[in-house]
S.K.: 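Shown below is the structure under consideration.
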Number of protein chains: 2
Amino acid sequence: MTTLYGYYRSSAAYRVRIVLNLKGLAYDQVPVDLVKGGQRSEESLARNPQGLVPVLETDDGVQLTQSLAICEYLEECHPTPPLLPADPAGRARVRALAQLIACEMHPLNNLRVLRYLVDELGASDAAKLAWYRHWIAEGFSALEAQLSRAAGSGDFCHGDCPTLADACLVPQVFNAERFDCDLGDYPRIQYIVANCRALPAFEQAAPAAQPDAR
Amino acid sequence: MTTLYGYYRSSAAYRVRIVLNLKGLAYDQVPVDLVKGGQRSEESLARNPQGLVPVLETDDGVQLTQSLAICEYLEECHPTPPLLPADPAGRARVRALAQLIACEMHPLNNLRVLRYLVDELGASDAAKLAWYRHWIAEGFSALEAQLSRAAGSGDFCHGDCPTLADACLVPQVFNAERFDCDLGDYPRIQYIVANCRALPAFEQAAPAAQPDAR
């Protein structure tokens with residue numbers, strides 16, 4: 001059985017849940033409580049020395065780390081329905097949109113980073129929130145521009161079917177909403193996210209639907 | 001002609017240069033001076049609304065963003081020599097190693113982030129340097145553990161030929177050296193980087209060898 005070690009509110013785990021659901025793959029979930037430091041247990045570090053979730057354990061016992069690497073693995077092993085387009089330029093566009101979120105936005109607003117700001121740099125709550133919203137605004141402004149102008153966007157980030165980019169976008173919007181970020185300037189993003197959320201694969205991957213949700 | 005819009009010291013551009021060189025592909029370079037804000041010019045933002053380098057313009061005029069998406073594109077269009085292994089689990093391992101650097105380390109130590117720490121949070125030079133070294137140590141400790149224990153590592157991050165993971169590792173080590181980070185605890189990383197640097201593809205991609213190097 002495929003097993004996902006995750007956390008209901010981890011947006012990296014959320015991406016993988018969306019992809020597993022879109023592919024129609026069954027999986028067990030083992031929650032790792034990031035707030036209580038579960039990712040630093042001996043067992044968790046043995047799975048991933050980085051002390052991060054998600055980790056996906058495949059049927060044959062291979063343990064995979066890094067959400068986008070896991071999603072690419074699932075795409076290669078279970079190509080239907082495809083979450084990357086067929087043409088190399090389209091694939092590059094989808095990956096770039098996914099990476100705009102996964103490499104430029106999410107890493108800056110991670111729990112461990114917010115903790116460093118407060119514990120080591122003495123940031124106030126207001127300063128922490130300003131940091132959070134700054135990187136959301138930087139990232140979503142650029143993403144909105146790319147989604148609005150580029151040939152390629154449709155009901156979803158790329159065309160009219162969900163791709164890897166949508167699997168990254170929805171968790172990032174969930175996070176932004178949690179921190180009360182104003183998303184009024186991003187109508188294209190909101191349109192696409194509404195279309196995603198109407199699909200069961202996304203709905204069933206949402207944090208509130210997970211066994212460890214509080 | 002393929003054109004790379006980059007900056008000699010940008011480690012994301014450095015990754016793409018390594019991959020272009022490993023693939024034996026000819027390319028023009030157009031420097032964008034990040035320190036002088038060249039990435040915010042109208043022309044740069046038209047290429048990439050994120051105001052980041054690198055951008056790769058292909059023979060047929062398509063403009064690609066995000067270094068890892070560009071590398072995957074080059075891998076798909078120019079499969080020889082391969083920079084990802086043939087088996088899905090191996091491919092996932094290489095991508096995870098690359099993403100450990102590209103999604104967990106590099107984004108935190110970017111120029112724009114260091115500037116925010118100083119300008120908005122009032123961080124001292126010492127606090128900025130401590131931040132930098134903290135995320136280098138977090139990332140490289142985990143990477144060293146993954147490279148040391150996992151079946152898969154050899155003279156390079158994965159086996160005995162360079163992969164996408166090495167194309168990410170060498171620029172990250174270059175950055176760490178520039179900030180005088182102590183790398184003594186990472187012998188495996190040092191061994192692999194020395195092997196990479198002995199190859200002309202890596203040597204010719206180094207910042208000092210670029211036309212805009214100062």
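What you see is a predicted model, and the numbers here were worked out from it, not measured in a lab. Each chain gets a letter, A, B and so on, in the order its sequence line appears, and its residues count up from 1.
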S.K.: State the CH2-CG distance between B:Trp131 and A:Leu117, to the nearest 0.5 angstrom.
M.R.: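 CG of A:Leu117 is found 5.0 Å from CH2 of B:Trp131.
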
S.K.: I'd like to check A:Glu138 versus B:Tyr116 (side-chain heavy atoms, cut-off strictly below 4.5 Å). Are they in contact?
M.R.: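 A side-chain contact under 4.5 Å is absent here.
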
S.K.: Would you indicate whether the side-chain heavy atoms of A:Arg91 and B:Glu76 approach each other to under 4.5 Å?
M.R.: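 Yes - at least one pair of side-chain heavy atoms lies under 4.5 Å apart.
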
S.K.: With side chains defined as the heavy atoms from C-beta onward, is the minimum distance between A:His134 and B:Glu120 less than 4.5 Å?
M.R.: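 Answer no - side chains too far apart.
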
S.K.: Side chain from CB out, backbone as N, CA, C, O: work out which of these in A:Val94 comes under 4.5 Å of a heavy atom of chain B, or both, or neither.
M.R.: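 Neither the backbone nor the side chain of A:Val94 comes within 4.5 Å of chain B.
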
S.K.: Say you draw a straight line from CG of B:Leu52 to SG of A:Cys103; how long is it, rounded to the nearest 0.5 Å?
M.R.: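 Nearest 0.5 Å value for the CG-SG distance: 10.5 Å.
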
S.K.: Working note: B:Glu104 + A:His106, criterion side chain to side chain contact (heavy atoms under 4.5 Å, CB included); need CA distance, chi angles, decisive distance, verdict.
M.R.: CA-CA 9 Å; B:Glu104 313 290 348; A:His106 177 61; over 6 Å; no

S.K.: Inspect the surroundings of CD in A:Glu43 and state if more than 12 heavy atoms from other residues, nucleotides or ligands are less than 6.0 Å away.
M.R.: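 No, CD of A:Glu43 has 12 or fewer neighbouring heavy atoms, counting only those of other groups under 6.0 Å.
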
S.K.: Just list the side-chain donor-acceptor pairs under 3.5 Å for residues 172-186 of chain B, sequence neighbours left out, or say none.
M.R.:
{"from": "B:Glu177", "atom 1": "OE1", "to": "B:Arg197", "atom 2": "NH2", "distance (Å)": "3.0"}
{"from": "B:Glu177", "atom 1": "OE2", "to": "B:Arg197", "atom 2": "NH1", "distance (Å)": "3.3"}
{"from": "B:Asp182", "atom 1": "OD1", "to": "B:Gly184", "atom 2": "N", "distance (Å)": "2.9"}

S.K.: Are there more than 12 heavy atoms of other residues, nucleotides or ligands under 6.0 Å from atom CG of B:Asp125?
M.R.: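 It does not: B:Asp125 CG has 12 such atoms or fewer within range.
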
S.K.: Under 4.5 Å heavy-atom distance to chain A, tell me which part of B:Ala130 shows up: side chain, backbone, both or neither.
M.R.: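 B:Ala130 touches chain A through backbone and side-chain heavy atoms alike.
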
S.K.: What part of A:Leu97 gets within 4.5 angstrom of chain B, counting heavy atoms only: side chain, backbone, both, or neither?
M.R.: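 Contact with chain B involves no heavy atom of A:Leu97 at all.
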
S.K.: Report the distance from atom CG of B:Asn110 to atom CG of A:Leu108, rounding to the nearest 0.5 Å.
M.R.: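 Answer for the CG-CG pair, B:Asn110 versus A:Leu108, is 8.0 Å.
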
S.K.: When heavy-atom pairs shorter than 4.5 Å are enumerated against chain B, which of A:Leu45, A:Asn48, A:Val62, A:Leu68 gives the highest number?
M.R.: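 Of the options given, most contacts go to A:Leu68.
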
S.K.: List the steps and the verdict of side chain to side chain contact (heavy atoms under 4.5 Å, CB included) for B:Arg95 and A:Thr65.
M.R.: CA-CA 9 Å; B:Arg95 286 186 174 121; A:Thr65 62; over 6 Å; no

S.K.: Between B:Ala69 and A:Ala96, which heavy-atom pair has the shortest distance, and what is it?
M.R.: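 Reported closest heavy-atom pair: CB-N, 3.7 Å.
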
S.K.: For residues A:Arg93 and B:Gln63, determine if any side-chain heavy atom of one lies less than 4.5 Å from a side-chain heavy atom of the other.
M.R.: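 A side-chain contact is absent here, since even the closest heavy-atom pair is not under 4.5 Å.
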
S.K.: Please identify, among B:Val113, B:Leu64, B:Leu121, the residue contributing the most non-hydrogen atom pairs under 4.5 Å to chain A.
M.R.: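 Looking at each option in turn, the highest pair count goes to B:Val113.
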
S.K.: Taking all atoms of both residues into account, what is the closest heavy-atom pair of B:Leu100 and A:Gln66, and its distance?
M.R.: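 It is CA-NE2, 3.6 Å.
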
S.K.: Which heavy atom of A:Pro88 sits nearest a heavy atom of B:Tyr73, and at what distance?
M.R.: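 So the minimum-distance heavy-atom pair works out to O-CD1, 3.6 Å.
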
S.K.: Is it the case that more than 12 heavy atoms not belonging to A:Asp87 sit under 6.0 Å from its CG atom?
M.R.: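 Enclosed.
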
